[in-house]
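Input: a single structure, listed below in structure tokens.
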Protein chains: 2
Amino acid sequence: MWGVFSLCVMMGRVFGVMNRFLSNATNRIDAKGRVSVPAPFRAVLAQRNIQELYCLQDLVFPAVSVGGPDLLERYERQIAQADPFSPEANAMSLLVHGGGVYMRLDAEGRLMVTDFIRDFAGITTEITFVGRSDHFQLWQPQAFHEAQTAARAGRATFAARPA
Amino acid sequence: MWGVFSLCVMMGRVFGVMNRFLSNATNRIDAKGRVSVPAPFRAVLAQRNIQELYCLQDLVFPAVSVGGPDLLERYERQIAQADPFSPEANAMSLLVHGGGVYMRLDAEGRLMVTDFIRDFAGITTEITFVGRSDHFQLWQPQAFHEAQTAARAGRATFAARPA
DNA sequence: CGGCTTCCCATTGACGCCCATATGGTCCCA
DNA sequence: TGGGACCATATGGGCGTCAATGGGAAGCCG
């Protein structure tokens, strides 16, 4: 375990790639509603000393974002910029604090797939983990592939135009 | 004051996101009109040594805010900032001081759902606890979901613009 | 005296913690 | 170069503990 950990730290220092959430993987949800977080993602979590996970619904896609406390604090800084009694800050807190969920991994590196995740992402039996550099996301497998192909198509037209 | 502040900072580093009211949970109201406060919320209350709860109506949403004495003080500071003879301060004082209610939890961590809460939030059989970082709120379940989806829709267009 | 509240105890269902198994991949050695 | 041992990951399941809920009994104020 710690051998892997320190190895990843070394690799991260050398290659500068292993220290962020990258690529995607699909795992099955067992009868108790648990799913294994991909080992590369767990390695990143360990490297960043993240033991408490903060989950939030994505604002545009039917996916749930998962990250460390810094993910929450990033949103909170944005809220703090507004007037604390304004309706805007109120609504934003409703999303970030009321919609956010705190989670932990079990000893094997699994997380519970709650109805909160199931309903919002449309997940039933399988779940796709998608790296997003500083956090990762939970997707319904097919929805992820569709969104990715759609993004690729849109990106092609976008890249064709001179930036 | 600063001791408390730095203590909170330290606890924040240690416990991460566990030291604030986060996420939401829906519980049932029993025949006696009681409802269990979610254990994570009770843990935050215990950590902050809050034994006396102060409740008041949210200024925007049909929900009741619940927090410690500091919640009342925060609203009083907001009132103090305004002109004491202004209509806004007058109306706010009417809400905060006239509409506020003190409450206590029983030995099992439950609170009585009074008519004050029922009428304002439209609650009947179930109640949704919504974390708000430094306090939490009581919602009618469906009203919460609707308000959240509405807030997300508004926020999505807002997030499309660069911050 | 009656309704309402507060304290106490019982139940049960969910979740966390633990151990066991399988499967796929890698490395070593013949 | 092919076989085999080894390892890590993913997955399955048992069990204990705790939280949510229900209900009874005693206390308080009308």
Side-chain angles (χ1 to χ4, degrees), chain A residues 1-11 18 21-47 51-53 55 66 101-119 123-131 136 138 141, chain B residues 15-16 18 21-47 51-53 55 66 101-118 123-131 136 138 141:
Chain A
M1 173 57 198
W2 284 104
V4 173
F5 173 72
S6 52
L7 177 65
C8 287
V9 170
M10 288 171 54
M11 303 281 278
M18 290 282 288
F21 298 101
L22 211 62
S23 92
N24 64 85
T26 300
N27 288 340
R28 292 171 39 190
I29 301 174
D30 66 12
K32 296 171 77 170
R34 304 169 300 182
V35 65
S36 293
V37 174
F41 287 7
R42 296 204 309 257
V44 177
L45 292 174
Q47 183 193 339
Q51 288 154 1
E52 300 180 322
L53 296 178
C55 310
V66 182
V101 168
Y102 162 80
M103 274 193 170
R104 278 182 74 103
L105 299 185
D106 66 3
E108 287 75 29
R110 293 180 283 195
L111 59 84
M112 281 290 303
V113 183
T114 61
D115 287 340
F116 157 73
I117 298 174
R118 280 196 161 84
D119 296 340
I123 291 170
T124 56
T125 62
E126 283 193 335
I127 191 166
T128 298
F129 293 80
V130 180
F136 62 89
L138 311 177
Chain B
F15 294 106
M18 276 289 279
F21 296 102
L22 207 65
S23 95
N24 62 84
T26 300
N27 288 340
R28 263 182 293 165
I29 301 175
D30 66 11
K32 296 184 180 180
R34 303 170 299 181
V35 66
S36 293
V37 174
F41 287 9
R42 296 203 309 256
V44 177
L45 292 174
Q47 184 191 336
Q51 288 148 4
E52 230 176 8
L53 295 178
C55 313
V66 182
V101 167
Y102 273 107
M103 277 195 164
R104 283 181 54 230
L105 299 185
D106 66 3
E108 285 76 31
R110 292 183 279 198
L111 59 84
M112 282 291 303
V113 183
T114 62
D115 286 340
F116 162 73
I117 297 174
R118 281 194 155 87
I123 291 170
T124 55
T125 62
E126 284 193 333
I127 193 166
T128 298
F129 293 80
V130 179
F136 62 89
L138 311 178

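In what follows, every heavy atom counts, from backbone to side chain, and hydrogens, waters and symmetry copies are set aside.
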Q: Treat primed atoms plus P, OP1 and OP2 as sugar-phosphate and everything else as base, then score nucleotides 13-25 of chain C 5' to 3': B for base contact with protein heavy atoms under 4.0 Å, S for sugar-phosphate contact only, - for none.
A: ---BBBB------
Q: Might you work through the side chain to side chain contact (heavy atoms under 4.5 Å, CB included) test for A:L105 and A:L111, ending with a clear yes or no?
A: CA-CA 5 Å; A:L105 299 185; A:L111 59 84; 3.7 Å; yes
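Rounded to an integer number of Å, the gap from B:I127 CD1 to D:dA20 C1' is 15 Å. As a whole-Å value, the separation of B:D30 CG from C:dT6 P is 13 Å. One can place CZ of A:F129 at 13 Å from C1' of D:dT11, the figure rounded to the nearest angstrom.
Every residue two or more places apart in sequence or in another chain that forms a side-chain hydrogen bond (donor to acceptor under 3.5 Å, both in side chains) with A:T26 is listed here: A:T128.
The heavy-atom pair separating B:I123 from B:I117 by the smallest distance is CD1-CG2, 4.0 Å. Listed here is the closest heavy atom pair of B:M103 and B:C55: SD-SG, 3.8 Å.
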Donor-acceptor pairs are to be reported for all side-chain atoms of residues 34-46 of chain B against protein atoms at under 3.5 Å, with residues two or more places apart or in another chain.
unit_1	atom_1	unit_2	atom_2	d
B:R34	NE	B:D30	OD2	2.8
B:R34	NH2	B:D30	OD2	3.0
B:R42	NH1	B:V37	O	2.8

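Contact check for A:L138 versus A:F129: side-chain heavy atoms found under the 4.5 Å cut-off.
Annotation: of the two residues near DNA chain D, B:T26 and A:I29, the 5′-most nearest-nucleotide partner is A:I29.
Residue contacts for B:V37: at a heavy-atom cut-off of 4.0 Å it reaches the sugar-phosphate backbone alone, with no base atom in range.
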